[in-house]
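Position 1 is the first residue of the sequence, and the numbers go up from there. Only heavy atoms go into these numbers, but all of them, side chains included; no hydrogens, no water, no symmetry mates.
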Amino acid sequence: MQDVPSLVAQAREGRPRAVARLISLVEGASPQLREVMAALAPLAGHAYVVGLTGSPGVGKSTSTSALVSAYRRAGKRVGVLAVDPSSPFSGGALLGDRVRMSEHASDPGVYIRSMATRGHLGGLAWSAPQAIRVLDAAGCDVILVETVGVGQSEVEIASQADTSVVLLAPGMGDGIQAAKAGILEIGDVYVVNKADRDGADATARELNHMLGLGESREAGDWRPPIVKTVAARGEGTDEVVEALEKHRAWMEERGVLGERRAARAAREVETIAVTALRERIADLHGDARLSALAERIVAGELDPYSAADELVESLTVGAAPSGG
C-alpha cells in the first residue's frame, strides 16, 4: 500500500517519481484510487488543459514538443499526457512520444507521461481525467493532452480539454477528413502544420471555407483561428500560444471556462457511476435475482425493460426484485 498523503505532498513539490506513482495508481484502478482523488480534489482546478488531436502523421508530437518549449520560455510548468494506441498483447502504451520529446526529459518543469487507451474508444484513456487531475494538483500550469489519431472517435478530446486544437497538414486529404470526422464542431484553434509544403495555403483556405459553411455564430461568439506552423522548426508556435491565450481569456470573460469544467466533472461522475454499476451487474451472472427475472421474462410475466428497472433498483437501493 502506498502512503497517499506523502505521495501527494511530494508531487506538490514537483517530484516526478511521486507524480508517476499517483498516475500509476489511477491507471491500475488501485483500491487506493478513492483516497488519491479525495486528497487531490482541493488542490486541483488551476491548470489550463489543452487537447491536441488530428490524423496520424500531421505532427502532433512535434507540435506538442514545440508548445512545451514555448510555455517553458514563459516560465510555465507543463504536463504532457500522450495517449498512445494500446498494444493488443500487453495493453501497454507505445512510448514514441517520450522518445520524440526527449529534449524535455531532463527539465524539472516538464512532466511527460504516455498512457495506453486500453481499447477505449474516443482517442483517450479512460483514466485520463484522473491523470489530468494528478498533474493539475502537482502544480502544472498547462497540461497538454495529445490523443491517438484514430479519426472519427477523436472528438472525445473536446470533452476533456478547456481548449481543443485540431491539427491538419497539406497533402493528406485532411479537409475531407475534417468534414467527415466531425472535428469542425470541436476545434477551438486549427493548426495547419508542415506549412512549408506545397498546398498549405490551399488547405488553410479550404478549412476556412468549411468553417464558414458550418457557422451559426452570433456576435461575440468565438471564431476559431487558423494558424500555419512548421513545428519541426518551431515556426508559428508563438502564434498558436497567442491563439490559445486569447481563447482562454474569451472563455473566462464569458463564463464558458467554468461551464466546460463543470460539464467535464459531470461526465466524469457519470462515467464512474456507470462503470461501478456495470461491475455490479457483471457480478450477477448466476445470481438468483437475475435468474428469477429471466424466468419471468420467458414466462411472459415481465418485459425486459421492466426487469432491467427492477434490477437497477435492487442494485442501487438494495431491495430485491419483486417475486412473480
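- Put simply, the residue from Val4, Ile272, Leu25, Val26 that forms a side chain to side chain contact (heavy atoms under 4.5 Å, CB included) with Met37 is Val26.
- Criterion: ILVMFWY side-chain heavy atoms under 4.5 Å apart, direct or through other members. Under it, Leu290 and Leu302 are part of a common hydrophobic cluster.
- Inter-residue side-chain proximity for Asp238 and Arg73 is flagged as met; some heavy-atom pair is nearer than 4.5 Å.
- By the 4.5 Å heavy-atom criterion applied to side chains, Ile112 and Val68 are not counted as neighbours.
- Scanning all heavy atoms of the two residues, the minimum distance from Pro224 to Gly187 falls at CG-O, 3.6 Å.
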### Task
Give the intermediate values and the outcome of salt bridge (Lys or Arg N to Asp or Glu O under 4.0 Å) for residues Asp162 and Arg261.
CA-CA 7 Å; Asp162 296 325; Arg261 290 179 175 177; 2.9 Å; yes

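- Enclosure of atom CZ in Arg34 is not indicated, since only 12 or fewer non-hydrogen atoms of other residues, nucleotides or ligands lie within 6.0 angstrom.
- No side-chain heavy atom of Val134 sits under 4.5 Å from any side-chain heavy atom of Tyr111.
- In terms of heavy-atom proximity, Leu81 sits nearest to Ala131 at CD1-CB, 3.8 Å.
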#### Entry: side-chain contact (heavy atoms from CB on, under 4.5 Å) between Glu310 and Glu313, intermediate numbers included
CA-CA 5 Å; Glu310 288 194 31; Glu313 184 178 356; 5.5 Å; no

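- In this structure, a donor-acceptor pair under 3.5 Å is present between the side chains of Ser6 and Gln10.
- The nearest pair of heavy atoms linking Tyr48 to Val50 is CE2-CG2, 3.6 Å.
- Arg248 has a carboxylate O that lies under 4.0 Å from a charged side-chain N of Glu252, or vice versa, which qualifies the two as a salt bridge.
- Between the CD1 atom of Ile132 and the CZ atom of Arg113 there is a distance of 13.5 Å, given to the nearest 0.5 Å.
- Residues Trp250 and Val142 fall within the same hydrophobic cluster, defined by Ile, Leu, Val, Met, Phe, Trp and Tyr side chains chained together at heavy-atom separations under 4.5 Å.
- For the atom pair CG of Leu22 and CD of Gln2, the computed distance is 8.0 Å after rounding to the nearest 0.5 Å.
- Going from atom CD of Glu239 over to atom CD1 of Ile226 covers 14.5 Å, rounded to the nearest 0.5 Å.
- The hydrophobic clustering, which links ILVMFWY residues whose side-chain heavy atoms are closer than 4.5 Å, places Val189 and Val230 apart.
- Once rounded to the nearest 0.5 Å, the distance linking OG of Ser164 with NE2 of His247 reads 8.0 Å.
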### Task
Output, in order, the C-alpha distance, side-chain angles, deciding distance and verdict of side-chain contact (heavy atoms from CB on, under 4.5 Å) for Glu259 and Met251.
CA-CA 9 Å; Glu259 291 173 2; Met251 289 191 294; over 6 Å; no

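- Transitive grouping of hydrophobic side chains (ILVMFWY, heavy atoms separated by less than 4.5 Å) brings Leu135 and Leu43 into a common cluster.
- A distance of 12.0 Å separates CZ in Arg205 from CG in Leu207, rounded to the nearest 0.5 Å.
- With a 4.5 Å cut-off on side-chain heavy atoms, Arg223 and Leu211 count as touching.
- Across all their heavy atoms, Ala138 and Val19 have their closest contact at CB-CG2, 3.9 Å.
- Within the 4.5 Å cutoff, the side chain of Glu146 has heavy atoms near those of the Ser61 side chain.
- Residues Met1 and Glu35 are not in side-chain contact: their nearest non-hydrogen atoms beyond the backbone lie 4.5 Å or more apart.
- Side-chain N or O atoms of Arg72 include none that pairs as donor or acceptor with a backbone N or O of His104 at under 3.5 Å.
- No side-chain donor from either of Arg260 and Thr163 sits under 3.5 Å from a side-chain acceptor of the other.
- The local environment of CD in Glu270 is sparse, with at most 12 non-hydrogen atoms from other residues, nucleotides or ligands closer than 6.0 Å.
- Side-chain atoms of Asp107 and Val78, non-hydrogen and from C-beta on, never get closer than 4.5 Å to each other.
- Here the closest non-hydrogen pair linking Gly54 and Lys60 is O-NZ, 3.0 Å.
- Separation of atoms CG (Leu167) and OG (Ser55) is listed at 10.0 Å; rounding is to 0.5 Å.
- Under the side chain to side chain donor-acceptor pair (under 3.5 Å) rule, Lys228 has a single partner from Asn193, Asp201, Thr203, which is Asp201.
- With a 4.5 Å cut-off on side-chain heavy atoms, Asp141 and Tyr71 do not count as touching.
- Contact record, Pro170 with Arg197: CG-CB, 3.8 Å, taken as the closest heavy-atom pair.
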